[in-house]
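Everything below concerns the one structure shown next.
Because the structure is a prediction, the values reported are computed rather than measured. Numbers restart at 1 for each chain; the letters A, B, ... are given by sequence-line order, proteins then strands.
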Amino acid sequence: MKIATFNVNSIKARLPNVLEWLKEADPDVALLQEIKCQAADFPVLEFQSMGYQVQAVGQKSYNGVALLSKQPAENVLEGLPGDDSDEQARYVEATVQGVRVASLYLPNGNPVDSEKYPYKLGWMKRLKAHAATLLASEQPVVLAGDYNVIPEPRDCYDPAAWAGDALFLPETRRHFREIVNLGYTDAFRAIHPQRVAYSFWDYQAGRWPRDEGIRIDHLLLSPQAADRLRDAGIDKKARGREKASDHTPVWCELDS
DNA sequence: ATGGTTGCCTCGCAA
């Protein structure tokens, strides 16, 4: 079972790109972030014609997540539990073939002296609480998406330059580590313990041609999912296309 | 040197 996550940075602007990637990568489940449209405006038919069912949670202009699956998505949960007043479209979760999968778009948090950083940390606390609840179910769980967290210095082309950024502050990394230490496995890091690889390259300042990126898109696996982890990787090809997103897909393969 | 780019769909904000 192949599960992939991809921050598409607008599904409307990226549709040909995403369809091409889907055709080549052929994941069983594709978790998308930053669709940047309302659910009603998501191009459902294009994905259905490729054999995918679509669960989309969106809002106008910003954020938005989707869960595409070849097999039915059951018990769909829209929105991260823990704050009914949070109206940002950043979370969708469902069960596909017995695996609980989530597409999440964790808040960026910049600038750190604004209300955005406490919102990010609050969202991470809610995610930790929910991740703990999911662990108690003892089912395979895959929490995938754009975490907007650089876990370690080696996941960044220039840690010093990012020292004060919301994606790399010690407080941010500590919150991420707390979720992992509940008992989750970073799929890419488990398969490639020594590899330096990135999932995001800024459009600006020639970051992509210089391979100056950061690794912020992750798949976190519960023990029952990690037991089945066969392979994982980052698809750099998508970032090199015309009209590319600033992110590239990250994936894992679970034994059936 | 505080640069530069993309997408939203407004004349700035978010990333």
Side-chain angles (χ1 to χ4, degrees), chain A residues 5-21 31-43 46-47 56-66 80 86-92 103-124 127 144-151 155-169 171-173 175-176 198-218 234-250:
Chain A
T5 179
F6 188 9
N7 179 323
V8 299
N9 186 14
S10 168
I11 193 59
K12 290 179 201 166
R14 212 70 57 212
L15 189 56
N17 223 316
V18 174
L19 293 175
E20 184 70 15
W21 163 70
L31 305 158
L32 311 182
Q33 300 86 38
E34 280 207 89
I35 62 174
K36 290 189 172 180
C37 67
Q38 295 178 303
D41 297 326
F42 192 90
E46 285 83 347
F47 292 99
V57 175
Q59 67 184 83
K60 200 174 174 185
S61 304
Y62 302 112
N63 307 320
V65 290
L80 180 64
D86 185 358
E87 297 186 346
Q88 298 191 28
R90 296 181 175 277
Y91 194 89
V92 63
S103 177
L104 67 92
Y105 178 45
L106 204 147
N108 177 293
N110 283 306
V112 295
D113 59 355
S114 73
E115 74 290 343
K116 292 183 178 180
Y117 193 56
Y119 173 67
K120 175 176 193 160
L121 295 182
W123 208 94
M124 295 182 84
L127 181 60
D146 178 358
Y147 279 76
N148 270 313
V149 175
I150 302 165
D155 297 312
C156 179
Y157 68 93
D158 185 359
W162 286 76
D165 193 279
L167 280 63
F168 193 52
L169 281 174
E171 188 80 347
T172 304
R173 295 168 55 197
H175 278 70
F176 180 78
Y198 309 126
S199 66
F200 167 91
W201 298 257
D202 201 306
Y203 286 127
Q204 305 178 78
R207 296 301 182 204
W208 165 249
R210 296 181 204 178
D211 194 25
E212 294 175 344
I214 56 180
R215 192 173 71 91
I216 58 174
D217 300 272
H218 311 296
I234 299 180
D235 257 347
K236 277 183 77 171
K237 187 177 177 187
R239 186 60 180 82
R241 292 188 204 277
E242 288 298 308
K243 289 273 291 176
S245 169
D246 41 7
H247 294 251
T248 211
V250 183

Next item on the list: To the nearest Å, give me how far apart NZ (K12(A)) and P (dC8(B)) are.
Entry: 7 Å
Margin query: I'd like to check the side chain to side chain contact (heavy atoms under 4.5 Å, CB included) partners of S114(A); sequence neighbours left out, ordered by chain and number.
Written below: P111(A), K116(A)
Next item on the list: Report the residues that fulfil side chain to side chain contact (heavy atoms under 4.5 Å, CB included) with D86(A), sequence neighbours left out, ordered by chain and then residue number.
Entry: D83(A), Q88(A), Y119(A), W123(A), R126(A)
Pairs: protein N or O with nucleotides 11-15 of chain B N or O, under 3.5 Å:
{"unit_1": "dA14(B)", "atom_1": "OP1", "unit_2": "K116(A)", "atom_2": "NZ", "d": "3.4"}
{"unit_1": "dA14(B)", "atom_1": "OP2", "unit_2": "K116(A)", "atom_2": "NZ", "d": "3.3"}
{"unit_1": "dA14(B)", "atom_1": "O5'", "unit_2": "K116(A)", "atom_2": "NZ", "d": "3.1"}

Note to self: For the P atoms, the ones on dG3(B) and on dC9(B), what distance do you get once it is rounded to whole angstrom?
What the structure shows: 26 Å
Checklist line | Any residue meeting ring-ring contact (aromatic ring centres under 6.0 Å, His included) with F168(A), in chain and number order, not counting sequence neighbours | finding: none
Item checked: C1'-based separation of dG4(B) from dA14(B) [nearest Å] -> 15 Å
Item checked: Interatomic distance where CD belongs to Q38(A) and C1' belongs to dC9(B) [whole Å] -> 13 Å
Next item on the list: Answer yes or no: is there a donor N or O on one side and an acceptor on the other, between the side chain of N17(A) and the main chain of E242(A), under 3.5 Å?
Entry: yes
Item checked: All side chain to side chain donor-acceptor pair (under 3.5 Å) counterparts of Y105(A), not counting sequence neighbours -> E34(A)
Item checked: Presence of R14(A) side-chain N/O under 4.0 Å of dG7(B) phosphate oxygens OP1/OP2 -> yes
Check: Residues two or more places apart in sequence or in another chain: which of them pass side chain to side chain contact (heavy atoms under 4.5 Å, CB included) with Y62(A)?
Finding: Q59(A)
